[in-house]
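First the structure, in the form of structure tokens, and then the observations on it.
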Amino acid sequence: METIVIVGGGAGGLELATRLGDTLGASKRARIVLVDRWPGHFWKPLLHTVASGKCDPQVSELPFSAQALDHDFEFVQGDMLCMDRAHQTITLSPRNGGDGACRVIAYDKLVLALGSVTNFFGVPGAQEHALTLDSVADAEHFRRRFFDVCIHAGENRQPVNVVIVGGGATGVELAAELSNTARTLAAYRVHALDPEQDIRITLIERGQHLLPQLDPLQAQRAARHLRSLGIDVLTCTAVASVSTDAVTDAEGKAHPADLTLWAAGVEAPPLCATLGLSVNHLKKIMVDGSLRSTNDGRIYALGDCANYVCPVKGPTPPRAQVAHQQAMFLADLLARKDDTPRPDFRYHDYGSLISLGQQAAVGALTGPVTGRSYRVGGSMASVLYRLLYQKHLLQLHGTLPMLTHTLADWLRAKVLPPVRLHR
């Protein structure tokens, strides 16, 4: 029986494992194995809600073992350390991160869905002093730090300065949610600060506009909304260095920072550059039209760690919809017999939606037939934004479980505070 190993349980990797498990795994035509360092899956586009305290990951996280049982694939927890292409094996860290022996898993086909990590672009001090949102653990660390800083500042009657570097989706969404969190914590008297005067959030973007994936009018609309929340939005501002208590821009101006969050770009994990496969300057694995490594026809890559260049639209952006489309493409491709014609992947950009906090969002949607882009905003865009997560749940669970999850989330929102009030 053929063994297909998928490394990485993010949006693309888990959707691929689920689909292949439902087809090849259920019919015993192949053994499907998913490998991930974490025990559960959390949808990465919502990490800013964990960092702001709006979402409890212990409630929303999906255990890989439960998904594996329901969809006929196997789950193995561990870090991938290296790969032996000659013997078609990968080596994982010891079980539970202990001092035991490393584990070896053999594969006939290997899919790398390793995601991305923060790119600090060599800015002095950024990696040492700035926090990131690469994982649930990172988001929880930021939340606890923000919580502690606010309480300490309230006790000592000092202001709090938070600097977010990067005006893409992550930076904008976190800034908006963090502003709402500061007000909510004050309303519940968790801290003694005036959220309007004492908590200062600064968003720094190197480019001329926020949200480069949107047109300038929508980007300006987002900037106006953030400023209405009291957030300082600085565009055309490059960061020169980061220290423990400040972010210094290229003009030499120091922006005080009790907390610095770096969201200025991503690259593939360092592991990608150690596997003996061709990678680009961002360590992304070079793939052909079928998402196969250009070095090895038994190895595939998808999502943020893959360098796929669309013949029409150029390099694909690091977005969840790319990983989803590539996962669905590979689910069909890997279920085919090897001697059948191999189609090429084609990326379809259906637009972008960016949350601006409670009941607000901006974005643009692309018509599937006409290809025209339509601007959306306000409460309608906010509803559409929330539907993106429901679509992800639908891919993983099916209609009835997705509706059950949605109802449970709605009920929790009715009976619990809007943000987590404890550290």
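As a basis for the values below, the full set of heavy atoms in this structure was taken, side chains included, without hydrogen atoms, waters or symmetry mates. Quick caveat: nothing in here was measured; it's all calculated off a predicted structure. Numbers here simply count residues along the sequence, with the first being 1.
By the 6.0 Å contact criterion, CZ on Arg143 is enclosed, its count of non-hydrogen atoms from other residues, nucleotides or ligands being greater than 12. The number of heavy atoms from other shown groups lying within 6.0 Å of CD (Glu128) is above 12. Shown here is Arg37, whose CZ atom has no more than 12 heavy atoms of other residues, nucleotides or ligands within 6.0 Å.
Applying the salt bridge (Lys or Arg N to Asp or Glu O under 4.0 Å) rule to pairs touching residues 234-252 yields nothing, sequence neighbours excluded. Pairs passing the side chain to side chain donor-acceptor pair (under 3.5 Å) check and including a residue from residues 189-209, sequence neighbours excluded, read Arg183-Glu196.
A donor-acceptor contact closer than 3.5 angstrom links the side chains of Arg386 and Ser382. No side-chain donor from either of His348 and Gln325 sits under 3.5 Å from a side-chain acceptor of the other. A donor and an acceptor atom, one from each side chain of Asp349 and Thr366, are nowhere located under 3.5 Å apart. A donor-acceptor contact closer than 3.5 angstrom is absent between the side chains of Thr18 and Gln395. Side chain to side chain, Gln158 and His152 fail the donor-acceptor criterion of an N or O pair below 3.5 Å.
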Going through the distances and angles, do Cys55 and Leu46 end up as a side chain to side chain contact (heavy atoms under 4.5 Å, CB included)? CA-CA 8 Å; Cys55 173; Leu46 292 182; over 6 Å; no
What verdict does the side chain to side chain contact (heavy atoms under 4.5 Å, CB included) test give for Leu277 and Arg85, after you've listed the backbone C-alpha separation in whole Å, the side-chain angles of each residue and the deciding distance to 0.1 Å? CA-CA 10 Å; Leu277 304 174; Arg85 287 167 52 198; 4.0 Å; yes
Residue pair Lys253, Thr237: steps toward the side chain to side chain contact (heavy atoms under 4.5 Å, CB included) verdict: CA-CA 10 Å; Lys253 181 179 179 180; Thr237 304; over 6 Å; no
Would Asp344 and Ser290 count as a side chain to side chain contact (heavy atoms under 4.5 Å, CB included) if you check the C-alpha gap in whole Å, the side-chain angles of each, and the deciding distance to 0.1 Å? CA-CA 5 Å; Asp344 285 344; Ser290 297; 3.9 Å; yes
Side chain to side chain donor-acceptor pair (under 3.5 Å) for Thr406 and Gln390? Distances and angles first, verdict last. CA-CA 7 Å; Thr406 303; Gln390 311 311 318; 2.5 Å; yes
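At a threshold of 4.5 Å between non-hydrogen side-chain atoms, the residues Ser243 and Thr248 do not count as touching. For the pair His397 and Leu62, the minimum side-chain heavy-atom distance is below 4.5 Å.
Atom CZ of Arg420 is separated from atom OG1 of Thr49 by 10.0 Å, given to the nearest 0.5 angstrom. Going from atom OG1 of Thr316 over to atom CD of Gln321 covers 10.5 Å, rounded to the nearest 0.5 Å. Between the OG1 atom of Thr132 and the CG atom of Asn119 there is a distance of 12.0 Å, given to the nearest 0.5 Å.
Salt bridge present: Arg412 and Asp409 bring a charged side-chain N and a carboxylate O closer than 4.0 Å. Comment: Asp148 does not engage Arg144 in a salt bridge, judged by the lack of any side-chain N to carboxylate O separation of less than 4.0 angstrom.
No close placement of the Tyr347 and Tyr308 rings is indicated, their centers lying 6.0 Å or farther apart.
A donor-acceptor pair under 3.5 Å is formed between the side chain of His41 and the backbone N or O of Gly9. Gln326 places a side-chain N or O within 3.5 Å of a backbone atom of Gly303 that can act as its donor or acceptor partner.
Classified by interplanar angle (parallel below 30°, tilted 30° to 60°, perpendicular above 60°), the ring pair Phe345/Phe329 is perpendicular.
Considering Asp232, Leu203, Ile201 in turn, Leu203 is the only one that fulfils the side chain to side chain contact (heavy atoms under 4.5 Å, CB included) rule with Leu226.
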